[in-house]
Amino acid sequence: MTNDNRQMWSDLGIDLNRHDILLNALGPIYKEIYLSQKNRPKGMGFFDFVVGDIHGIRVQELRKHAMNGGKVIATYCVFVPEEIVWAADAIPVGLCAGAQFSVPIAEEILPRNTCALIKSSFGFKLGRLCPYVQTSHLIVGETTCDGKKKMFEILGQHQPVYVMEVPNKKTRLSRELWTGEVIAFKDVIEKLTGNKVTSAKLSQATRLVNERRRALRRLYDLRKVRPVPISGKDALLVTQVSFYDDVTRCIKQVTALCDELESRVASRNGVAHDNAPRILISGSPMAIPNWKLHHILETSGAVVVCEESCTGTRFFSDLVPENGGTVEDQLKAIAERYMQIHCACFTPNDERLDDIVRLARDYQVDGVVHYNLQFCHTYANEAVKVDEVLAKEGIPLLRIETDYSDEDAGQLRTRIDAFLEMIRK
Ligand code: BJ8
């Protein structure tokens, strides 16, 4: 922690005392969860560095951008089309909302029976703990769930917030509404930045974001192999970091990591025993530093090989077509790509069920763990259908409902042990 950083945090209005407690707690947790792993790929060194410097260099880069007149746009959901932000020479940053630390701060205002992701994100702002929020000029929210959309109203009392309306159905009318929202978002970003979103700029941004998607796809494809060359924890961290790191640097680091993993695959150098149960996690996103479920699974003898979530396949699976055209054509193509994100906010959402079965087959999993943040009603109710579909396919399922605290860690471990025992037979 350098003096430069402390000065920067202070300038950003960070509550330094509280922030010290947060960062001091993160180090030992990371050591226990990440650095204790055996036989990690060397390429994870970069990601270790990023976490070790979580509120340092990247925040400095964003500040520099802001001081040069650029804008920083903070987001909480993969529905916000980042191509538009890049095309206006602004920088999008996916905010972390995975820490229990900020939850009690949020509970001073928000109802306790709100999901941990909402409380954590709100608590970071209220407690002045997150330099990324403090650096941003606009927070872009969405209407994906009731808790979030109401929280954004309160958040708007503390910082400028713009909310995009994500439809709840996938009909033609809903698609039209969403396309209109994407166009309106472009207008908002143009107005904020003073920069025109041109066709050339959109093409360039689309290629860039697609390239990161391809790099992450390559990483996930390597997890299909037996023995798997990277732990689930490490792969999750790579995705989590890619939400806020510089895109070009992220592509370079993920590519280098994949090159290394390919040689591991060639020499059958895996991170888990051949008979370790392979697990697909499906459900709510896991924002940094939410590593709880992966850690319990992987210290219980399993290996997580895929995440069907927004910090997993939903983040990078589909590409935006790169065939250019007018700005209007491109915005329509962007809108259509984002409608392929099968979030539980949609009804019906059968495509997600198809995805889970397909991923379970592709990644040769022995079981699926459905991860549901407590008080998230969309995922909790959709889990009923996930259960039915997987039972029909003969794929074992464990449904977990939890939050960010460690209070239920013992109970979760007992249930996970029993599940792994069952699928090993
Ligand atoms: S596209 S999954 S990132 S909304 S867990 S806050 S839904 S009560 S996070 Fe999500 Fe976008 Fe969908 Fe993905 Fe509400 Fe549920 Fe909390 Fe949630």
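Remember, it's 1-based here, ligands and their atoms both numbered in the order they're listed.
Salt bridge present: Arg112 and Glu107 bring a charged side-chain N and a carboxylate O closer than 4.0 Å. Salt-bridge annotation for Arg249 and Glu61: present, with a side-chain N of the basic residue lying under 4.0 Å from a carboxylate O of the acidic one.
Residue Pro285 places a heavy atom under 4.0 Å from ligand 1.
Glu308 and Tyr371 share no side-chain donor-acceptor pair at under 3.5 Å. Checking Lys119 against Ser102 by side-chain atom types alone, no donor-acceptor pair falls below 3.5 Å. A donor-acceptor pair shorter than 3.5 Å cannot be found between the side chains of Gln253 and Asp245.
For ligand 1, the atoms closer than 4.0 angstrom to any heavy atom of Phe79 are 1 (S). Applying the 4.0 Å criterion to heavy atoms of Cys343 picks out, from ligand 1, the atoms 1 (S), 2 (S), 4 (S), 12 (Fe). Which parts of ligand 1 touch Arg314 is read off a 4.0 Å heavy-atom cut-off, strictly below it: atoms 2 (S). The contact set between ligand 1 and Cys77, taken as ligand atoms under 4.0 Å from a residue heavy atom, comprises 1 (S), 3 (S), 4 (S), 11 (Fe).
Counting only protein N, O or S atoms, 1 lie closer than 2.8 Å to atom 15 (Fe) of ligand 1.
In this structure, atom 17 (Fe) of ligand 1 is not in close contact with the protein, since no protein heavy atom lies within 4.0 Å of it.
The nearest heavy-atom contact from the protein to atom 13 (Fe) of ligand 1 is Cys310 SG, 2.2 Å.
Side-chain atoms of Asp406 do not come within 3.5 Å of backbone N or O of Ala409 as any donor-acceptor pair.
Side-chain contact between Ser121 and Lys148 is absent, with no heavy atoms from C-beta onward closer than 4.5 Å. Between Thr144 and Tyr76, every side-chain heavy-atom pair lies at or beyond the 4.5 Å cut-off.
The number of heavy-atom neighbours closer than 6.0 Å to NZ of Lys149, taken from other residues, nucleotides and ligands shown, is above 12.
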